[in-house]
J.: 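Once you've had a glance at the structure underneath, I'll fire off some questions.
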Amino acid sequence: MTTTTTTARRALRAVRRAPGPALAAAGALLPVLLALAAPLLAPADPTAGHLADRLLDPGTPGHPLGTDTQGRDLLSRLLWAARPSLVTGLLPVAVAALAGALIGITAALAGRATEQALLRGLDVLYAFPGVLLAIAVATLLTPGPGATVLALSVVLTPAVARVAFTETRRIRAAEYLEAATVSGATRPALILRQVLPVVAPVVLVYATSLVGLAVVYAAGLSFLGLGVAPPAPEWGAMLDELRPALFTHPWLAALPALVILAVSVAFNTLGESLRARLGAGTEAAR
């Protein structure tokens, strides 16, 4: 029996044992695979347009999903737009997971003064609605993917830090931590060997549920002209470009919004499935 066959059978058994998380993971993985395969799947150049073919209805020969206001193929643009849209959704979550875990663990294990200083700083960021904070940060920067990633990282980090802080505080009085401290373990070693293995799964599960929100926020920034700039395809920017056709060609204008909704729901479902799975595992361990 080959290694590939064995791996496939193990994966199939895992899907049968836990179909919910497996299906959720498949739904979240699909847009990533489509983004990677965009050069192979896109039927046309996403930036090449013909004004004579503008606003063609879905189902038009050569344009399965129609064309936009510049006569560019919508299917091609949606596929290519998955790349910047997912990058500006996934990368801020990754940054927030790392920064938030560091801040949360430090606040929980440091002294009272450090804990209060970090928590009060997080409270200041919490005082602003996420959308307004993202717009404020992005406005101070040059519009582009970098501004979107930085703005969303600032927005998402406090929430992740709170989760990491709560989980670390829950275990900081555990006997195995006290035993490690008494045995002479340094603070970095204590964090890497004892704290991170407990906190990391919780942070990763929570971060997964934030990807859908980050995709929506990133699209919103591009819609306002603060993210990826036209003519580069991006779902939020496409919404803005198709806005004039909302009443005359509503299906065309709704396509980017439907894609954003589907991707957001897919990642939210994955996050909820992993959260339920982690909760079940925790209860079983107890």
J.: Using modelled atom types and a 3.5 Å cut-off, is there a donor and acceptor pairing between side-chain atoms of Gln70 and backbone atoms of Arg72?
T.: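 Not a single qualifying donor-acceptor pair exists.
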J.: Looking at every non-hydrogen atom in both residues, tell me the closest pair between Leu65 and Leu75 and how far apart they are.
T.: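 Distance-wise, the nearest heavy atoms are CD1-CD1, 3.7 Å.
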J.: Going hydrophobic residue to hydrophobic residue with side-chain gaps under 4.5 angstrom, can you get from Leu102 over to Leu109?
T.: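 The answer is no; the residues belong to distinct hydrophobic clusters.
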J.: Answer yes or no: is there a side-chain heavy-atom contact under 4.5 Å between Arg77 and Asp68?
T.: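 The answer is yes; the side chains approach within 4.5 Å.
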J.: Using only atom types and a distance under 3.5 Å, with no angle test, would you say the side chain of Thr114 pairs donor to acceptor with the backbone of Ala107?
T.: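 Not a single qualifying donor-acceptor pair exists.
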J.: Calculate, to the nearest 0.5 Å, the distance between atoms CZ and OG1 belonging to Arg83 and Thr88 respectively.
T.: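 Here the interatomic distance stands at 14.0 Å.
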J.: Is there a donor-acceptor pair under 3.5 Å between the side chain of Thr60 and the backbone N or O of Leu56?
T.: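 Judged by distance alone, no pair lies under 3.5 Å.
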J.: Taking only residues two or more places apart in sequence, or in another chain, which ones meet Glu115 in a side chain to side chain donor-acceptor pair (under 3.5 Å)?
T.: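 Testing Glu115 for side chain to side chain donor-acceptor pair (under 3.5 Å), a comparison that skips the adjacent residues, returns none.
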J.: Looking at every non-hydrogen atom in both residues, tell me the closest pair between Gly104 and Ala164 and how far apart they are.
T.: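 What the structure gives for the nearest pair is CA-CB, 4.0 Å.
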J.: Cluster question for you: counting only ILVMFWY and a side-chain heavy-atom cut-off of under 4.5 Å, with indirect links fine, are Leu125 and Val163 together?
T.: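 In one cluster with Leu125: Val163, yes.
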J.: Could you state whether Leu122 and Val160 fall into the same hydrophobic cluster, counting links through intermediate Ile, Leu, Val, Met, Phe, Trp or Tyr residues with side-chain heavy atoms under 4.5 angstrom apart?
T.: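 Each belongs to a different hydrophobic cluster.
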J.: Which donor-acceptor pairs under 3.5 Å do the side chains of residues 25-54 make with protein atoms, sequence neighbours left out?
T.:
{"from": "Asp45", "atom 1": "OD1", "to": "Thr47", "atom 2": "N", "distance (Å)": "3.0"}
{"from": "Asp45", "atom 1": "OD1", "to": "Thr47", "atom 2": "OG1", "distance (Å)": "3.0"}
{"from": "Arg54", "atom 1": "NE", "to": "Thr69", "atom 2": "O", "distance (Å)": "3.2"}

J.: Got a donor-acceptor contact below 3.5 angstrom from the Ser264 side chain to the Ile260 backbone?
T.: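 A pair under 3.5 Å: no.
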J.: Can you tell me how far OG of Ser153 sits from CG of Leu91, rounded to the nearest 0.5 angstrom?
T.: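 Nearest 0.5 Å value for the CG-OG distance: 6.5 Å.
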J.: With side chain to side chain contact (heavy atoms under 4.5 Å, CB included) as the test, would you mind laying out the steps for Asp57 and His63 before giving the verdict?
T.: CA-CA 8 Å; Asp57 291 328; His63 302 288; over 6 Å; no
J.: Output side-chain donor-acceptor pairs under 3.5 Å for residues 92-101, partner residues at least two apart or in another chain, one line each.
T.:
none

J.: Closest heavy-atom contact between Ala245 and Leu55?
T.: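 Answer, listing the atom of Ala245 first, then Leu55: CB-CD2, 3.8 Å.
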J.: For residues Glu241 and Pro244, report the shortest heavy-atom separation together with the two atoms involved.
T.: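 For Glu241 versus Pro244, the nearest heavy atoms are O-CD, 3.3 Å.
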J.: Which heavy atom of Trp80 sits nearest a heavy atom of Pro233, and at what distance?
T.: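 Looking at all heavy atoms of both residues, the closest pair is CB-CG, 3.7 Å.
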J.: Just list the side-chain donor-acceptor pairs under 3.5 Å for residues 209-217, sequence neighbours left out, or say none.
T.:
{"from": "Ser209", "atom 1": "OG", "to": "Tyr206", "atom 2": "O", "distance (Å)": "2.5"}
{"from": "Ser209", "atom 1": "OG", "to": "Arg275", "atom 2": "NH2", "distance (Å)": "3.4"}

J.: Side-chain heavy atoms under 4.5 angstrom apart, residues restricted to Ile, Leu, Val, Met, Phe, Trp, Tyr: same cluster for Trp235 and Leu221?
T.: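 Hydrophobic grouping puts Trp235 with Leu221.
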J.: Should Asp123 and Arg162 count as side-chain neighbours, where that means a heavy-atom distance under 4.5 Å?
T.: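 Yes, side chains in contact.
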J.: Let me check something: any side-chain donor-acceptor pairs from residues 130-151 under 3.5 Å, sequence neighbours excluded? List them with distances.
T.:
{"from": "Thr139", "atom 1": "OG1", "to": "Ile135", "atom 2": "O", "distance (Å)": "2.5"}
{"from": "Thr148", "atom 1": "OG1", "to": "Gly144", "atom 2": "O", "distance (Å)": "3.3"}

J.: Would you say Phe267 and Val263 make side-chain contact, with heavy atoms under 4.5 Å?
T.: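 Contact flag for Phe267/Val263 side chains = yes.
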J.: If two hydrophobic side chains count as joined below 4.5 Å and joins carry through other members, does Val203 share a cluster with Ile103?
T.: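 Different clusters: Val203 never reaches Ile103 through Ile, Leu, Val, Met, Phe, Trp or Tyr contacts under 4.5 Å.
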J.: How many angstroms lie between atom CH2 of Trp251 and atom CG of Leu258, to the nearest 0.5 angstrom?
T.: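 If we round to the nearest 0.5 Å, Trp251:CH2 and Leu258:CG are 7.0 Å apart.
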J.: Hey, does Leu242 have a side-chain heavy atom less than 4.5 Å from the side chain of Leu255?
T.: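 SC-SC contact between Leu255 and Leu242 ruled out.
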J.: Taking side chain as C-beta onward, heavy atoms only, is Pro58 less than 4.5 Å from Leu252?
T.: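 In short, these two side chains touch, coming nearer than 4.5 Å.
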J.: Has Arg112 got more than 12 heavy atoms of other residues, nucleotides or ligands less than 6.0 Å from its CZ?
T.: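 At most 12 heavy atoms, drawn from other residues, nucleotides or ligands, come within 6.0 Å of this atom.
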J.: Side chains of Phe223 and Arg243: does their closest heavy-atom pair fall under 4.5 Å?
T.: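 Side-chain contact under 4.5 Å: yes.
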J.: Looking at every non-hydrogen atom in both residues, tell me the closest pair between Met238 and Pro256 and how far apart they are.
T.: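 Taking Met238 first and Pro256 second, the nearest heavy atoms are CB-CG, 3.9 Å.
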J.: With ILVMFWY side chains joined below 4.5 Å, transitively, what does Val265's cluster contain besides itself?
T.: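 Val265 clusters with Leu261.
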